[in-house]
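A quick write-up on the structure given underneath.
Scope of the values below: all heavy atoms of this structure, side chains included, with no hydrogens, waters or symmetry mates.
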Number of protein chains: 4
Amino acid sequence: MKTTILVHCPDQSGIISTVTGFIHKNQGNIVYLDQHVDKNADVFFMRTVIEFDTHFLDLEKFKTLFQEELASKYKMKWSLHTDEKLPNMAIFVSKYNHCLYDLLSRYRSGELAVEIPFILSNHNDLRYIADQFEIPFYHIPFNKEIRVQAEQQQLELLQKYNIDFIVLARYMQIVSEKLISKFPNKIINIHHSFLPAFAGAKPYHAAFKRGVKIIGATSHYVTEELDAGPIIEQDVTTVTHSHSIEDFITKGRDLEKIVLSRGVKLHIARKTMVYNNKTVIFS
Amino acid sequence: MKTTILVHCPDQSGIISTVTGFIHKNQGNIVYLDQHVDKNADVFFMRTVIEFDTHFLDLEKFKTLFQEELASKYKMKWSLHTDEKLPNMAIFVSKYNHCLYDLLSRYRSGELAVEIPFILSNHNDLRYIADQFEIPFYHIPFNKEIRVQAEQQQLELLQKYNIDFIVLARYMQIVSEKLISKFPNKIINIHHSFLPAFAGAKPYHAAFKRGVKIIGATSHYVTEELDAGPIIEQDVTTVTHSHSIEDFITKGRDLEKIVLSRGVKLHIARKTMVYNNKTVIFS
Amino acid sequence: MKTTILVHCPDQSGIISTVTGFIHKNQGNIVYLDQHVDKNADVFFMRTVIEFDTHFLDLEKFKTLFQEELASKYKMKWSLHTDEKLPNMAIFVSKYNHCLYDLLSRYRSGELAVEIPFILSNHNDLRYIADQFEIPFYHIPFNKEIRVQAEQQQLELLQKYNIDFIVLARYMQIVSEKLISKFPNKIINIHHSFLPAFAGAKPYHAAFKRGVKIIGATSHYVTEELDAGPIIEQDVTTVTHSHSIEDFITKGRDLEKIVLSRGVKLHIARKTMVYNNKTVIFS
Amino acid sequence: MKTTILVHCPDQSGIISTVTGFIHKNQGNIVYLDQHVDKNADVFFMRTVIEFDTHFLDLEKFKTLFQEELASKYKMKWSLHTDEKLPNMAIFVSKYNHCLYDLLSRYRSGELAVEIPFILSNHNDLRYIADQFEIPFYHIPFNKEIRVQAEQQQLELLQKYNIDFIVLARYMQIVSEKLISKFPNKIINIHHSFLPAFAGAKPYHAAFKRGVKIIGATSHYVTEELDAGPIIEQDVTTVTHSHSIEDFITKGRDLEKIVLSRGVKLHIARKTMVYNNKTVIFS
C-alpha cells in the first residue's frame, strides 16, 4: 500500500531525521521525500511517500503514534493519504465545453485517479457531454433571487455523493462563501489569465486592450476573494498584434484546459500544500 | 540602398495595390511587405522594404510624390528610413549592470546597428563598464531638489549628441514628461514583470508574495503613465515555491536583458508601429 | 465571399504590385496579404485573402484571367479557395484516444471548419468514441498479408466520402506510398518527438535513455520517408530526471494533441505552403 | 559553514533515515534534502545541504565517520563540498564572443561563485575581452601537426592554476581524450542545438535545411563521443520560415549564453550528479 504523508510545522533542526527515523522504525520504506523551508515564514514542509508491508501495518496505530511521537512535539499540521480509495471529484460547468471535454477524456483514459459522481451546471447547454460520457448531470439554475435555494441544492448534492473536491471547469458563477468554507483548498478554478493580471471578468478583452504579447491561464484554489486564491499552476502562450480577441479566446482555450488538468492532477496526487495563500507544489 | 516605409491610415479598399503600384512605377523593388488591419479601430498598417537602384533614385522627389499622390489621398501618417546612417542610441542606467553589459556586448559584436554616443546614469557605479567599452559616461545625479537642472542637463546631452532614441537599461528613476514629449515612442524601458501584473516598484517582491508560478519581463515604450506604455516584447520563465526573492531576481535578470535587447532590435529595424497605446510588430 | 489565393513562383521584381493591382482591378478588396521570399531557393510565396462583391464576381472568369494575365507570365503555381464549402477531413487512429478526443471536441465546438465523414482504424478499440460523437467508424485491420486489400479499402472509403485531407491522430501504421501519392501534402501526422530528434518508433523511450531535459511533438505532412516530411508545427515541454518514461508519455500526450490540432487548423485555414520539403506558414 | 553532500548508491530501504540520523547525531542541521531513485537502474541519489556549528565540527572526523558508518555499508559513491574556497574555472573560447561576454559579466556581478584564473583560446580574436575584464589570456594555437604539444600546454596551464572545471564557451576545437579523462564530468560544453538533433558541425544550417519550427541549445558534460555527453540543461526558441540561417544564428546566441550559464551555475552549486551518461539535477 502506498501512503503519502504531508506535513508542515514551524521549522526546527532535526525534523527530517526524526520523521524518517520514525517511519523506518515502523517498517515503512520511504520511496520519495521532498522538503521545503519557507525562510520568510520559518515554516517547514515535507511530503513523503511510503510503502508499507501491509501484513505488518496497523494504519490506525501508525497514525496514533505519528500524532503522539511527532506531531505533538513539532506542532505539525499533517495528513495521511492511502491509495486504497479514489477521491470523488465533482465538476461544475456553465457553457464552455473545452475544459469539460478535456477532463472527461482524461478520466476515460484512466489519466485521472478519481471517481466523477456528477457534473453540475447553472445551464443546460452541456448536458449532452455528460450524456456522451454517461455521467449524471444536474442543472441547478442560479441567480440572485434563488441564490439561497441553489446553494442548498449544491451542498446537498456534494454531501449525498460524498464529494472530496470540486473542479470549476469554466463555471461562470461566483461560488458561495458557505461552499468555500466547507471545501477549503478543495475547490480548483481555472482563470483565463496569468494572474494577478486581468483578474475578474473578460480577461481576454482586457489583455487585448492592453496590447500584451503573452496571454496565460491560471489554476488556483478558490478563496473568498475573487481570483486571489493560492496559485497551483500557470502557463502562457504568445500573441501578436495580428490576433483578434476571438483568436485570444481560441488560443486561450488550449491553455485553460491544459493548466486546469495539471492543477487537478497535482491535487489528486497530493502534491499541493497551501500556506499563507501560496502553494508548495512537490512535483 | 534599402529603404523602409511605415504607413498607417484609415482602412480602405485598394491601398495595398495603390502603394505597391506606386513603388513599382518609381523603380523600387519590394523585398518585403507586411500589412495589418486593426478591425476595432479600422486602421490600416503597412511596412514595406524597398530596394532602389540608386542611380535612378531621387529620394527627395520620391518622398514628395509619395506625399502628394498617396499620403494626402489616404490620410496617411508615414515615415521613410534608409540604412545610410546609423541611429544614435543613448543608454540610461542606474546600478544594475546586466542589461548594460548585454547591450554593449551585442553592440561590440555588431549585433546592434547603432551608434552609442554616451551612457548616462544617476549614479557612478557603472562607470567602469563604460570605461571597459570606451564609451563616454555622464553622471547626472537626480533628486527632487535638482530635478529641473538634471533634466536640463539630460536634454542638452541628448541634443548635443543628436540622439535618436533612448534605452532605459534598468534606469531606476522616473523620466520627466518633458523628455517623454521630446522622444515620443522613442524611449524604451525594461520592466521586470509581465505587465500589467506588478507595475511599479519591487515587482519581484510582489510576485513572490502572490505566489505566482511564472515571472516575466516587458520592454515597452515610455509614456507619461508609469509602466503603462505600448508593450514591444514580453517573455516569462517558470518559478516554484523553492525559489526565494533573490532567485526571482537572478532568474529575472536573464529575462530582462533578453527582452530589452529584443525590443531594442525591433525598434532599430523599424519593425514597430504604435497606435492606441499598442504596438504593431512586423517581425 | 472570402477567397484565399496561394501563389509561389520564381522571385522577380514587381510581382506584388502586379498581383494586387490585378485584384483591385477585378473589384476584389485585399483584407490580408503576406509574402515571403526564400532567398536560398529564389522563390516568391504569397498568401492573400480577398473579399469580392459577389454580385459582380464571376469566379470562373476571374480564375481564367488570373491564369492568363499573371500565372503564365510569372510561372506561378497557384490555388484559389473559397469558404463556400467545408473540406472533408478523415481521421485515422489506432489505440491512443487523446488526439481523437481532442479533435472531436474541437469539431463539436465549431473550432474546426470541416466535415468529418468518418474515422478509420486498424483496431476496434476506439469505436466507442466514434459512437459517442456519432461519426461513422471503419475498422480496417492491417498487416503484411492483407496489405494490398486494406489499402484498397482505405482508398475506396476516401474516394467514396470525397475526402480532401487526412489526419493521422496517432495512427500507428505506416501509410502506403499509393495513398501518399494521392494525397500529396494532404496527410497530417503527429510525431511524438521534436523532429528530427527521435524519428521512428518509441521516441519517448529514446528521449528517456538519452537524458534530454526537453521533450516535444511535431505535426508534419507525410512523405514517403518516415517522419521526414515538411514540419508544420512543433512544441516542447520540460522534463527532469524525476520523470519516468510513463511521465514522458503522459506529458507528451498534451503536447501531441495541441500540436496536431494547431497543424490541422493551419491546414484548414490554407495557411500552409510546401516547398523543398519545408513549409511556409502564413500565420 | 555550509556543507553539501552528494551521494549515490544501490537503492535500499532505510537509507534516508540512516543518513539523516547520522547527520543529526553529528550536530548538523539539514537545511535542504532532495533525493531521487532511478527505478530502471535501481540507484539511489541524494543531495543534502547541512549547516554545522563550526565550533563543534571536526570535518575530517566527520568524513571518516561518514565513510565508515555509512558509505561502506551502503556502497556509496559520495563527495562533500564546503563553501570555504571558490572553485577555479577555466574558460576556453575560439572566435564567438557572446558566451564569453555573458560569463564574464555574470562573474563581475558576483553571480558566479568562482575564480577565473585564465581564458584560453586557439585564436587571438577575443584577447580584447580578456583585457577588458583583466583576466589572463593564453593563446594556444591548435592544429593536427601541433596537437600533442598544444594539449601539453593546455594541461600545464590547467595544473598550474589548479583548475577545478572547464567551460567551453563556444570553443570550436575537439578536446583531447587525455584532457577529458583528467576532468571527468568537469568540462561543460554548449552545443548550439537541442541535442540529440543536429549533433556535430553547423547545426543551425542543418536545422534551417530541415525546416524546423524550434531551435535550441544544450549544455552538457564533455565525454569522448562528440556531443553525446550527459545533458545538464536545454532550452529552445521558436523560428519561422521567415528566419534566415543568419537569424537562426542570432536568435541561437541568446539561447546559448543563457543555457551555458545555467549549466555552469548548476555545476558550481553542486546540483548535478552523473550516472549512466545522464544527469540528476537537484534544482
Side-chain angles (χ1 to χ4, degrees), chain C residues 34-40 43 45 193-199 203 205-221 228-246 259 262-263 266 271-283, chain D residues 34-40 43 45 193-199 203 205-221 228-246 259 262-263 266 271-283:
Chain C
D34 203 353
Q35 129 288 344
H36 170 65
V37 176
D38 182 325
K39 303 272 185 192
N40 294 54
V43 176
F45 298 85
S193 80
F194 50 86
L195 291 173
F198 311 121
H205 290 73
F208 181 82
K209 185 163 188 303
R210 179 61 185 92
V212 294
K213 301 303 185 188
I214 283 176
I215 58 171
T218 305
S219 58
H220 64 95
Y221 289 116
I231 293 171
I232 307 170
E233 177 77 13
Q234 298 188 290
D235 207 347
V236 297
T237 194
T238 54
V239 289
T240 74
H241 65 271
S242 72
H243 290 102
S244 63
I245 292 177
E246 290 67 38
V259 169
R262 284 190 204 147
L266 289 167
K271 292 185 171 177
T272 65
M273 296 184 74
V274 173
Y275 193 81
N276 276 359
N277 204 46
K278 294 166 65 169
T279 59
V280 173
I281 304 290
F282 287 121
S283 56
Chain D
D34 203 353
Q35 129 288 343
H36 170 63
V37 175
D38 183 324
K39 303 270 186 190
N40 293 52
V43 176
F45 298 86
S193 79
F194 50 87
L195 289 173
F198 310 122
H205 290 72
F208 181 82
K209 187 164 187 304
R210 178 62 186 92
V212 295
K213 301 302 184 188
I214 284 176
I215 56 171
T218 305
S219 58
H220 65 95
Y221 288 116
I231 293 171
I232 306 170
E233 177 78 13
Q234 298 189 290
D235 207 349
V236 298
T237 194
T238 55
V239 290
T240 75
H241 64 271
S242 71
H243 290 103
S244 62
I245 292 176
E246 290 67 38
V259 169
R262 283 190 204 146
L266 288 168
K271 292 185 171 176
T272 66
M273 296 183 75
V274 173
Y275 192 82
N276 276 358
N277 205 45
K278 295 165 65 169
T279 59
V280 172
I281 305 290
F282 287 122
S283 56

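Residue D/Asp38: no heavy atom, backbone or side chain, is found under 4.5 Å from chain C. Only the backbone of C/Lys209 comes within contact range of chain D, with heavy atoms under 4.5 Å apart.
For D/Tyr275, the ring pair (Phe, Tyr, Trp, His ring centres under 6.0 Å) partners are D/His8, D/Phe45, not counting sequence neighbours.
Annotation: the span from D/His220 atom NE2 to D/Glu233 atom CD amounts to 13.0 Å, rounded to 0.5 Å. How far CD1 of C/Ile231 is from CD1 of C/Ile281: 10.5 Å, rounded to the nearest 0.5 Å.
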Quiz item: Taking it one step at a time, do C/Thr279 and D/Lys213 satisfy side chain to side chain contact (heavy atoms under 4.5 Å, CB included)?
Solution: CA-CA 9 Å; C/Thr279 59; D/Lys213 301 302 184 188; 2.9 Å; yes
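Contact detail for C/Ala217 and C/Val259: the closest heavy-atom pair is O-CG1, 3.8 Å.
Put simply, the side chain of C/Tyr221 reaches to within 4.5 Å of the side chain of C/Val274, judged on heavy atoms. D/Phe198 has its side chain out of reach of D/His205: every pair of non-hydrogen atoms, C-beta onward, lies at least 4.5 Å apart.
Residues of residues 236-245 of chain D lying within less than 4.5 angstrom of chain C, judged on heavy atoms, are D/Val236, D/His241, D/Ser242 in numerical order.
The residue among C/Gly216, C/Ser193, C/Ala228 with the most heavy atom pairs within less than 4.5 Å of chain D is C/Ala228.
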